[in-house]
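Each ligand, and each atom within it, is numbered from 1 in the order the structure gives.
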Amino acid sequence: MNEFLEISAEVKSALDAGKAVVALESTIITHGLPWPQNKEIALDLEAAIREEGAVPATVGIIEGKMIVGLSEAQVTDMAQMKDVVKASRRDLATVCALKQNGSTTVAATMIIAAMAGIRLFATGGIGGVHRGAESDFDISADLTEFAKTPICVVCAGAKSILDLPKTLEFLETQGVPLVGFNTKNFPAFHSRESGLSLDASVANAEEAAAMLKARDHLALGGGEVIANPIPEVDAIAKDVVDQWVSKALAMAAEQGVTGKAVTPFLLAQLADISDGESIKANLALILNNARVAARIAIAYCDA
Ligand code: PSU
Ligand code: MN
């Protein structure tokens, strides 16, 4: 085991026993949601995964140690940290070597969870190709990670702050399976449908697990994205979200926000503009994703 990796006793014994484990990211805690909802949801997600019969493993970096299975105290600390680095693939070595605190993006969580031997990961929304990427080249490192690291990410699609058609094209180019969970329409995070169709879907956790087993067997490398729409009761109409997003994008342009600050800035603007509605939807969909990921993890272990 490498000197920077620390797996909690609970997660380690679950993995050793071949039990279902679901990884969770921490950038959503530090840069995606405000205090105190960030802490509450982080702990609620873990509880939901346990309730389904799987073991949660929240991933984060504390003083240079990549931890798989943060404790409640560590999650609580992280939720209030001010100086924490938003760490993606390129940041891992500096954060570890300099003994910094880092929250892990989807890409970094995949890397660390895969080191531990975890196959399933639940999040809210994935990073993607940003609008205007044809001039500023802003494409999330999440997208290239899906092609490299063997983890299945259950998400509610991607936020429409992104360029969704380009995001789907990019995933196709990278050979990443993008599979709808009981849908053939790519979900747009707050809304159940983006209007973009998917070529593949699975009907339930068993079919999803069979797809993962086939992927293992074929040894194609890389991971998979399962797109699970927000529950109907929590969904927000697409035209309402579109209005929020236009305002948020205009603010980002006005303030000249660039680089890794773009996604957190847009998320905070959305929360503000929607008067917390975007956060409510966010909490509902991520909980739903955690439950689905747990069911898939269990079906995968049983298959
Ligand atoms: N999208 C969301 N909520 C989030 C993120 C994305 O709807 O919290 C976070 C995830 O951690 C994701 C990261 O991996 O932002 C992507 O950042 P970037 O666009 O800088 O790659
Ligand atoms: Mn970016």
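- Side-chain atoms of Q100 and T94 include no donor-acceptor pair closer than 3.5 Å.
- Ligand 1 has at least one atom lying under 4.0 Å from a heavy atom of H130.
- Under a 4.0 Å N-O distance rule, the pair E277/K280 qualifies as a salt bridge.
- Residue K86 holds the heavy atom nearest to atom 18 (P) of ligand 1 of all those in K260, E25, K86.
- Atoms of ligand 1 found under 4.0 Å from any heavy atom of F189, numbered from 1 in the order shown, are 7 (O).
- Given atom 6 (C) of ligand 1, the protein heavy atom at minimum distance is G125 O, 3.5 Å.
- No option in T123, T27, T104 other than T104 meets the side chain to side chain donor-acceptor pair (under 3.5 Å) test with T109.
- Closest approach between the Mn ion (ligand 2) and any N/O/S atom of D138 involves OD1.
- Cluster annotation: L143 and L266 are assigned to the same hydrophobic cluster (Ile/Leu/Val/Met/Phe/Trp/Tyr, side-chain heavy-atom contacts under 4.5 Å, transitive).
- A salt bridge is defined here as a Lys NZ or Arg NE, NH1 or NH2 lying under 4.0 Å from an Asp or Glu carboxylate O, and R119 with E224 meets this definition.
- Considering backbone and side-chain N/O of V106, one or more are found under 3.5 Å from N/O of ligand 1.
- By the neighbour-count criterion of 12 heavy atoms within 6.0 Å, atom CD of E134 is densely surrounded, having more than that number from other residues, nucleotides or ligands.
- With a heavy-atom cut-off of 4.0 Å, T263 touches ligand 1 through its side chain alone.
- Counting only heavy atoms of the protein, atom 21 (O) of ligand 1 lies nearest to S140 OG, 2.7 Å.
- By the criterion of a heavy-atom distance under 4.0 Å, the side chain of L267, and not its backbone, is placed next to ligand 1.
- Protein heavy atom at the shortest distance from atom 12 (C) of ligand 1 is D142 OD2, 3.3 Å.
- In terms of protein heavy atoms, atom 9 (C) of ligand 1 is closest to T27 CG2, 4.1 Å.
- The number of heavy atoms from other shown groups lying within 6.0 Å of CG (D242) is above 12.
- Between the side chains of S26 and S103, no donor N or O sits under 3.5 Å from an acceptor N or O.
- Protein heavy atom nearest atom 7 (O) of ligand 1, with residue, atom name and distance: K159 NZ, 2.6 Å.
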